[in-house]
Participant: 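The structure under discussion is supplied below as structure tokens; questions concerning it will follow.
Counting starts at 1 for both ligands and their atoms, following the listed order.
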Amino acid sequence: MKILVIGSGGREHALIWKIAQSKKVAKIFCAPGNPGIAEIAECVNIKADDIEELKAFAIKEGIDLTVVGPEKPLTMGIVNEFEKAGLKIFGPSKRAAEVEGSKAFSKELMQKYNIPTAAYKTFDNADEAKNYAEKHHPPVVVKADGLAAGKGVFICPTMDEAFLAIDIIMNQKAFGDAGNRVVVEEFLIGEEASFLAFTDGEDVLPLASAQDHKRVYDNDEGPNTGGMGAYSPAPIITPSMQKRVMDEIMIPTVRAMKSEGRIFKGVLYAGLMITKKKAKVLEFNARFGDPETQPILMRMRTDIVDVFTAVIEGRLKDIKLEWDKRTAVCVVMASEGYPGDYEKGKVITGLDNLKDMKDVFVFHAGTSLKDGKLLTNGGRVLGVTALGRGIKTAIKNVYTAVEKIDWDGVHYRRDIGAKGVSSR
Ligand code: AMP
Ligand code: GLY
């Protein structure tokens, strides 16, 4: 089979690393890809949201299966366009991807179908949003309705900050049309976990559990990022919690999407807030998580191409997922200043020192290659991922590898996985 993967981050590198292990695969392309991906796939210079060019490429090359990494092409309708052209593609349709693309839609869906989530209201008028916020004790949470690259959520410890967040989103239009509507919601307390499941619109098959680390600094301090590291499995998702999440959240959501005429096919990702006994949905994503995909796929034993094909053909019930029993930990190495402004073009050193390390893989996210030198080219630069027997060993293994890599201003969290140790 010829496979095309769309995207250029650590998630896409992990997807391609896994796809490349399938005996069914003859050739992998990635658009646009990165230098790490280029070692296992042919990178083509087409942007992830240039649907027309991607479609023309897939037709020209006779691509048998396309896998979409990021949310933007999904919410723009890449799946509909490819399917119209008779191309096989893994991911939800435009209307199904709205479960991520519009927080107002996903909250309304959850409310209508009794899927547990924070109490909320949606507004298209800033003054009304402020009036509603004012009736609640801070902290309150203010979210831009549309896609805002992970920056549209404000946790507001005071009412002044809530008003400011509403102004930034609705009046200053910091996220453009994504801020035409705003969701004001209750602040939830607990521990977060990422719950991903494959679905063909009928059956729902959970992936191994994972936990992301959203804040930039140790002990969950500093601003939110795309994710500074992740590990799998997450002990907080006990077998009974997994059953609860499936019965109360994942299966009802897939059913709800079907009832709404928005059959969801692909990976449904629920960002959860877990308290002692309950799980509530913080948000849905219509795609694989980044960096959760890196540790999850390092543990996946099943041929992922079989799973993609089964989802597309509505045969997910025939698939059983098998997992490596070891723990995988991924530490994101980032540029100084991320998630704010950062410089690019720093020379990355030390990767050669990792060549002989077993069960360690370095997924590239923001890198570039110039005159044979590997340079930083983004906020999140590398996702170093290691397996180990038990979480403590996996943590030791991953940091042994991380410490061999360096560049001017490198920043990473030193406590990835620590929550998994303390909750054991
Ligand atoms: P979201 O993009 O909606 O997942 O929000 C990004 C991050 O903001 C989440 O991962 C949480 O850390 C935090 N967050 C979002 N909604 C809430 C909430 N209702 N209560 C507490 N924290 C939240
Ligand atoms: N790691 C968070 C996300 O993929 O949205």
Participant: Surrounding CZ of Arg315 (heavy atoms of other residues, nucleotides or ligands, distance under 6.0 Å), is the total greater than 12?
Facilitator: yes

Participant: So, applying side-chain contact (heavy atoms from CB on, under 4.5 Å) with Ile348, which one of Val410, Val362, Asp406, Thr367 is it?
Facilitator: Thr367

Participant: Examine the side chains of Thr225 and Lys214 and answer whether a donor and an acceptor come within less than 3.5 Å of each other.
Facilitator: no

Participant: So, is Lys214 polar-close to ligand 2, with some N/O to N/O distance under 3.5 Å?
Facilitator: no

Participant: Less than 4.0 Å is my threshold; does some heavy atom of Arg287 fall inside it relative to ligand 2?
Facilitator: yes

Participant: Relative to the heavy atoms of Asn224, which atoms of ligand 1 are at a distance of less than 4.0 Å?
Facilitator: 7 (C), 8 (O)

Participant: Please work out whether any backbone atom (N, CA, C, O) or any side-chain heavy atom from C-beta onward of Glu186 is under 4.0 Å from ligand 1, and answer side chain, backbone, both or neither.
Facilitator: backbone

Participant: Counting only nitrogen or oxygen atoms and a 3.5 angstrom limit, does Asp290 reach ligand 2?
Facilitator: yes

Participant: Does the ring center of Tyr269 lie less than 6.0 Å from the ring center of Phe284?
Facilitator: no

Participant: Does any N or O atom in Gly227 lie less than 3.5 angstrom from one in ligand 2, N or O only?
Facilitator: no

Participant: For ligand 2, is there an N or O atom under 3.5 Å from any N or O atom of Glu292?
Facilitator: yes

Participant: Report yes or no: does Gly271 have a heavy atom closer than 4.0 Å to ligand 2?
Facilitator: no

